[in-house]
Amino acid sequence: MKIEQIKQKISEDLKSIKNVKDLENVRLKYLGRKGELTSVLRDLPNISQNERPVIGKMANELRKDLEGKLNSKKGEIEQAETQLTVEQEWIDVTMPKVAQLCGHLHPISKVQKEVEQIFRELGFMVVEGPEIEDGYFNFDALNIPPEHPARDMWDTFWLDDGRLLRTHTSPVQARFMQKHKSSLRIISGGKCYRHEATDASHETDFTQLEGLMLGEEVTVANFKAILTYFFKRLFGKDIEIRLRPSYFPFVEPGFEVDMTCVKCQGKGCSLCGKTGYIEIMGAGMVHPNVLDEADFPADLQGFAFGLGLDRIAMLKYGIDDIRWFHSGDLRFLEQF
Amino acid sequence: MTCGVQDDEIENMRFSLNWLKDYVDIQETPEKLANLLMMHSFEVEGVNSIGKGLDNIVIGLVEAVEKHPNADKLRVCKVNVGKGKNLTIICGAANVAKGQKVPVALVGAELPNGLKIEKRELRGIESSGMICSATELGLEEKSAGIMELDSQTKVGQLISDVLGLKDVLFDVAILPNRAHDCLSYLGMAREIGALTSRKVKSPLEKIKIKKDSKLKTEKFVDVAVKEKKLCSRYMLQIIEGVKVASSPAWMQARLRAAGVKCINNIVDITNFVLLETGQPLHAFDYAKISKKKIVARKAVNGEKLAALDNEIYELNENNLVIADGEKPIVLAGVIGGTATAVDDNTVIIALEAANFDYRNIRKTSRDLGISTDSSERFGKDIDANLVEVAMARATALIQELAGGRVAGTKVDIYPEKIKPKKISISAFDVQKIAGVMIKEGEITNILKRLDLSFKKSGKVFQITAPTIRKDLAILPDLVEEIIRLYGYENIKAEMPKEILDFTWGSGNLSFDNKKLDLKNCVKDILTGVGFSEVWNYIFTNKSLFGTDLIKVANPMQQDQSYLRDSLVNNILKNVSLNLKFYPELRIYEMGKVFPKGNNEKTMLCGAVVIEKDSEAFFVVRGIVDLLGQRLNIGSMEFVLMQKEVGPYHIHRSAQIKFNGKEIGICAEIHPQILKDFDIEKRVAVFEIDFDKLAEIAKKEDIKYKTIVKYPTIELDFAIVVLQKTLWQEIKDIVIKEGGKLVKKVSLFDYFADEKKLGAGKKSLAFHIVYQSDDRTLTSDEVQKIQNKIILNLEKFGAEIRK
């Protein structure tokens with residue numbers, strides 16, 4: 001019987017299919033316009049009425065069966081071919097072929113951002129001041145009158161027009177107090193300049209951050225609490241601070257702040273000169289003369305402090321020469 | 001480096017522990033003492049023990065010297081080293097002689113240079129020790145022979161005791177507010193006394209001077225002070241019949257420990273009293289004072305002084321001098337002159353103690369470049385009342401060590417007497433500032449330790465601050481004294497109550513720190529697109545823009561004489577440096593520039609070098625566009641430069657404008673400038689006025705718009721135009737003619753090809769996207785607009801490529 005023969009042939013042909021092209025050939029051979037099964041179906045009207053339903057049914061079933069098998073075969077082949085492509089597409093993933101340029105913040109910017117963040121959380125406002133100052137704000141307003149012996153503590157870059165490059169960020173305090181005569185909490189970071197020979201720990205251009213908190217009951221004990229919190233946030237919870245007497249004309253009492261050595265955790269090492277502590281900032285209670293000069297309300301008092309951001313960055317990253325900061329050398333800058 | 005004070009600006013003084021012990025009992029170890037000072041007074045920068053290894057060196061008397069029988073240059077000495085011991089010592093020095101007192105290293109001694117002394121046979125004679133030179137004792141760098149000691153020293157005594165060689169030296173950084181009293185042994189002793197609760201034994205309390213009432217200083221010399229403001233006190237004392245000689249061993253030992261050269265007893269005494277009290281003194285040889293006149297006056301311009309440092313100084317009217325009847329004999333408070341110097345033949349001494357204006361002393365010292373122990377002290381505004389005690393002390397010492405008759409009267413011109421200040425304080429005052437309640441009993445105790453006299457009335461301590469403590473003037477000064485002795489470590493940290501109050505300040509304060517946030521934001525954007533931040537010095541040697549710069553009056557170096565007016569100069573230096581190590585780079589700086597005649601401003605400057613360097617400009621332009629978008633500025637205009645500006649390539653530069661206002665530039669660097677900077681690749685930069693950028697940067701204000709559901713129609717164009725036609729011009733025509741249905745115009749291709757297009761022409765290809773918000777567009781509709789655009793582009797001179 002013809003249909004049986006076709007069925008037999010189909011089953012053999014299906015086995016020999018290797019690729020999409022074979023598959024298409026098989027489909028055309030049986031189901032194409034001139035395909036064997038198509039002709040059977042087309043010839044159905046010419047078959048006797050007795051046989052027609054049986055043959056018709058068999059032929060249709062065979063067609064459906066073949067279509068189903070071809071489809072699934074097609075799926076198998078495509079999957080195998082995709083798999084083959086995947087196999088051929090091996091790449092060396094260890095090769096960094098498309099490098100994305102990676103930008104780096106300057107280490108002092110990084111530190112400044114972090115320091116500002118901590119103080120902002122404590123309600124301090126960040127303010128700015130000019131880098132070219134006049135003698136009044138850099139000295140006089142800060143209780144350093146002309147020819148005061150303390151004026152020698154700052155080696156100053158003078159400009160031809162009699163102005164100067166600020167030697168510290170403290171003038172920002174004086175400027176702010178003149179404008180805002182109330183309780184306040186501010187910090188101000190920025191570049192300062194000193195006329196001194198440079199070496200591994202001295203620079204003409206350096207970065208300072210000034211802080212000022214004034215209120216009715218702001219005390220030395222408060223200063224200790226805020227700065228302890230600050231240093232713990234910046235360097236870790238094991239850090240402690242200690243105060244020692246010191247002198248800055250714009251504060252009284254004035255103190256030097258030491259913190260636990262970050263290198264040896266207070267055990268004593270070469271960095272801290274075996275003392276376990278390193279000098280980190282100068283501070284004190286704002287001098288009455290400074291408050292008076294700003295015509296500040298008499299019932300307010302408080303503390304001011306200044307710290308070198310260069311020094312903080314050097315300690316944090318173990319940098320041994322301050323001159324790297326202004327080197328512009330990417331081999332240095334890319335490490336941050 | 002610390003906050004305010006630089007290490008090298010603070011006056012350091014070296015203190016000998018032996019000497020300090022003359023005035024105050026010290027039981028603490030040197031380390032403990034240093035720590036006490038550190039935590040309560042001054043920073044101690046060094047603690048050095050000296051004189052180790054001098055244990056077996058004693059004073060010997062040379063009783064006999066004979067020639068060595070077997071060696072021409074050696075001598076055999078019999079030396080008495082005390083306790084009845086006589087040693088035979090072979091000595092090679094030519095200056096050894098009978099009757100000398102010399103340092104003898106006994107067998108077993110180890111010299112500072114490491115030499116161990118043993119019994120040795122030298123050419124047949126045994127030597128049991130060694131007679132030392134000053135070099136061998138570590139006292140001098142070079143010695144001519146053995147060291148001869150003062151004949152009054154005792155045989156058998158340890159040399160280290162006699163010469164004060166075993167000592168501990170403290171290097172103390174005296175802060176400026178205590179320089180007027182603590183740059184002296186007595187000042188430091190008082191401080192140590194306060195820290196250790198021990199009483200100071202002051203040599204100033206029981207001074208005994210035998211005066212000759214027949215001698216009157218004012219009869220010897222006529223003293224006048226012409227400059228009362230510059231010389232607030234002048235005291236002169238005549239001492240007649242002194243014998244100038246070496247000072248005794250104990251004084252030499254003290255001065256040696258302080259690093260002061262010994263000269264003769266008179267000069268040594270003035271130096272000794274200066275170190276002891278902090279008051280400089282000067283001794284004149286009376287015989288050399290011309291016309292027996294002494295005047296404190298300003299120098300006449302051009303007057304000269306041959307000074308004790310062997311320099312001749314030309315003086316001017318700003319300098320205060322002490323002059324005799326003819327000429328300046330001392331640059332007041334700074335340095336003495338040779339003309340009236342004390343020498344071995346001096347018989348009558350005129351001893352000066354004075355107080356000079358610190359400002360004038362500092363100016364003179366700075367202007368003439370002379371710094372002496374005296375000018376350092378006077379420059380610190382010392383107490384005028386020190387004059388009296390220092391004069392008495394020096395006079396007594398001179399009488400004791402050099403003999404002489406002290407005139408019964410002295411000259412003392414002191415018109416405005418300095419009186420002690422009174423300050424009141426209570427425990428509450430201390431608490432208000434320190435935040436700790438210190439009991440009254442404790443405060444009483446501290447005031448006593450500080451030797452501050454006070455009366456108590458109710459809760460108030462009425463304190464009289466001695467004039468020597470000029471730093472004690474107002475209440476906070478006393479609070480500091482009390483809490484530093486109480487100990488900062490005893491103040492408990494306490495968070496301020498105010499810390500939770502975020503409503504402080506007057507109404508005009510804004511807490512959003514907008515500008516700071518913007519700085520951080522811009523830096524983050526640039527970091528994200530591969531820019532690394534550099535920081536440069538603000539000093540420069542010239543402007544790349546040919547403009548005048550602000551000049552630094554005292555530059556560190558000649559090529560750093562001006563303040564920068566742009567960040568470009570230094571950033572090109574950075575590029576040049578880094579191109580040695582990197583083929584491509586993106587760097588930026590945000591910093592101040594200082595244009596002359598204007599306010600300083602913050603600039604943002606970036607530089608880009610890429611492999612395909614002809615595209616560098618477009619990378620930089622893209623970055624500026626990105627900044628504009630991220631800062632919600634919207635689109636900025638890039639306007640062709642009309643003329644050559646600064647270091648920029650005129651045909652590859654644009655002004656960046658917003659609403660017609662220039663905010664910066666975006667440019668390639670001129671090839672000649674690149675050569676000057678030794679850069680071989682094209683560099684593109686942007687420099688933006690950050691303050692202006694901050695003004696136009698908007699707070700993020702996003703309002704959602706629905707996505708239009710009607711389809712878009714996209715059409716491509718290619719046109720040929722003249723080379724110098726701007727894309728912006730084409731784009732403007734398309735937008736103007738296309739109307740609101742044109743949603744987007746974007747350039748996707750550009751080329752210039754002489755063969756295909758002809759010379760001086762370029763091809764631009766772009767998409768136009770049409771869309772309506774409320775309906776589906778028909779192709780007829782779009783075609784009409786398209787035709788209008790084409791017509792106008794053709795009118796403009798564009799040729800439409802098909």
Side-chain angles (χ1 to χ4, degrees), chain A residues 101-106 109 113 122-123 125-126 130-132 147 149-150 152-153 157-160 168 180 182-184 195 201-202 204-205 215 218-222 224-225 228 242-248 252-253 255 279 281-282 285 288 306-308 311 325-326 328-331 333-334, chain B residues 1-5 9 38-39 41 175-177 359 380 433-436 474 476-477 479-480 483-484 488-489 491-496 498-499 502 504-506 509 511 513 516 520 523 526-527 530-537 550-554 556 574 577-578 581-582 586 592 594 600:
Chain A
L101 271 175
C102 176
H104 302 267
L105 266 188
H106 191 277
S109 283
K113 208 170 152 182
L122 292 169
M125 201 179 138
V126 185
E131 291 177 16
I132 293 183
E147 293 302 322
D152 261 15
M153 299 199 305
F157 276 109
W158 294 95
L159 303 179
D160 252 10
H168 46 186
H180 307 284
S182 62
S183 295
L184 54 84
H195 189 272
S201 52
H202 294 86
T204 53
D205 299 33
V218 180
T219 63
V220 177
N222 293 160
K224 255 182 127 171
T228 303
R242 70 176 188 190
L243 310 188
R244 286 186 287 113
S246 189
Y247 170 74
F248 311 98
E252 184 70 29
F255 23 85
E279 264 183 46
M281 64 156 74
M285 300 300 286
L307 84 163
R311 180 149 166 80
F325 292 133
H326 283 75
D329 193 326
L330 283 171
R331 292 171 301 168
L333 296 166
E334 277 184 350
Chain B
M1 205 182 65
T2 61
C3 150
V5 184
E9 300 305 337
M38 176 107 148
M39 294 313 293
S41 310
L175 292 163
N177 65 328
R359 289 165 284 236
K380 300 297 187 296
I433 292 175
V436 61
I474 56 171
D477 297 330
V479 173
E480 173 166 59
I483 60 178
R484 76 181 173 92
Y488 283 107
E489 67 275 20
I491 297 177
K492 217 179 128 217
E494 193 189 344
M495 266 293 166
E498 284 105 320
I499 206 73
F502 284 80
W504 58 263
S506 43
L509 288 176
F511 285 89
N513 294 299
L516 174 73
N520 287 335
K523 286 182 178 186
L526 291 173
T527 307
F531 278 79
S532 289
E533 187 188 9
V534 295
W535 283 27
N536 284 306
Y537 295 104
I550 295 176
K551 196 169 191 313
V552 180
N554 56 337
M556 293 293 291
N574 301 147
L577 165 78
N578 285 302
F581 312 105
Y582 299 84
R586 295 178 171 206
K592 289 276 178 78
F594 309 90
E600 64 189 59

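Reminder, nothing fancy here: chain letters follow the sequence lines and each chain counts from 1.
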Taking the six-membered ring of B:Tyr488 (Phe, Tyr or Trp), confirm whether the NZ or CZ of A:Arg242 is under 6.0 Å from its centre and within 45° of its axis. no

B:Pro476 vs A:Pro288 side-chain heavy atoms within contact, under 4.5 Å: yes

Name the region of B:Phe531, side chain, backbone, both or neither, that has any atom closer than 4.5 Å to a heavy atom of chain A. backbone

Can you tell which part of B:Ile550 gets under 4.5 Å to a heavy atom of chain A, answering side chain, backbone, both or neither? side chain

Does any non-hydrogen side-chain atom of A:Asp329 lie less than 4.5 Å from one of B:Leu577? yes

One pair to check against side chain to side chain contact (heavy atoms under 4.5 Å, CB included): A:Glu131 and B:Glu600. What are the steps and the verdict? CA-CA 8 Å; A:Glu131 291 177 16; B:Glu600 64 189 59; 3.7 Å; yes

Give a yes or no answer on whether the side chain of B:Glu533 reaches the backbone of A:His106 with a donor-acceptor pair at less than 3.5 Å. yes

Set out, in order, the CA-CA distance, both residues' side-chain angles and the distance that settles side chain to side chain contact (heavy atoms under 4.5 Å, CB included) for A:Phe157 and B:Asn554, then state yes or no. CA-CA 6 Å; A:Phe157 276 109; B:Asn554 56 337; 4.2 Å; yes

Using a distance-only test with no angle check, is there a side-chain donor-acceptor pair under 3.5 angstrom linking B:Tyr582 and A:Glu334? yes

For chain B, find which of A:Pro130, A:Gly103, A:Gly215, A:Cys102 contributes the most heavy-atom pairs closer than 4.5 angstrom. A:Gly103

For B:Asn578, which atoms come within 4.5 Å of any heavy atom of chain A: side chain, backbone, both, or neither? side chain

With side chain to side chain contact (heavy atoms under 4.5 Å, CB included) as the criterion, how do A:Leu159 and B:Val552 come out once you've worked through the C-alpha distance, each side chain's angles and the decisive distance to 0.1 Å? CA-CA 4 Å; A:Leu159 303 179; B:Val552 180; 4.2 Å; yes

Please identify, among A:Asp205, A:Leu101, A:Leu105, the residue contributing the most non-hydrogen atom pairs under 4.5 Å to chain B. A:Asp205

Flag the pair A:Arg244 / B:Met38 as yes when at least one side-chain heavy-atom distance between them is below 4.5 Å, and no otherwise. yes

Does A:Asn222 reach the main-chain N or O of B:Glu494 with its side chain, forming a donor-acceptor pair under 3.5 Å? yes

Checking B:Lys492 against chain A: side chain, backbone, both or neither under 4.5 Å from a heavy atom? backbone

Between A:Ile132, A:Leu333, A:Val218, A:Thr228, which residue shows the highest count of heavy-atom pairs closer than 4.5 Å to chain B? A:Ile132

A:Lys224 (side chain) donor-acceptor with B:Ile491 (main chain) under 3.5 angstrom: yes

Considering only heavy atoms, which portion of B:Arg484 lies under 4.5 Å from any heavy atom of chain A: side chain, backbone, both, or neither? side chain

Parallel, tilted or perpendicular, judged at 30° and 60°: which one describes the rings of A:His326 and B:Tyr537? parallel

Checking A:Ser109 against chain B: side chain, backbone, both or neither under 4.5 Å from a heavy atom? both

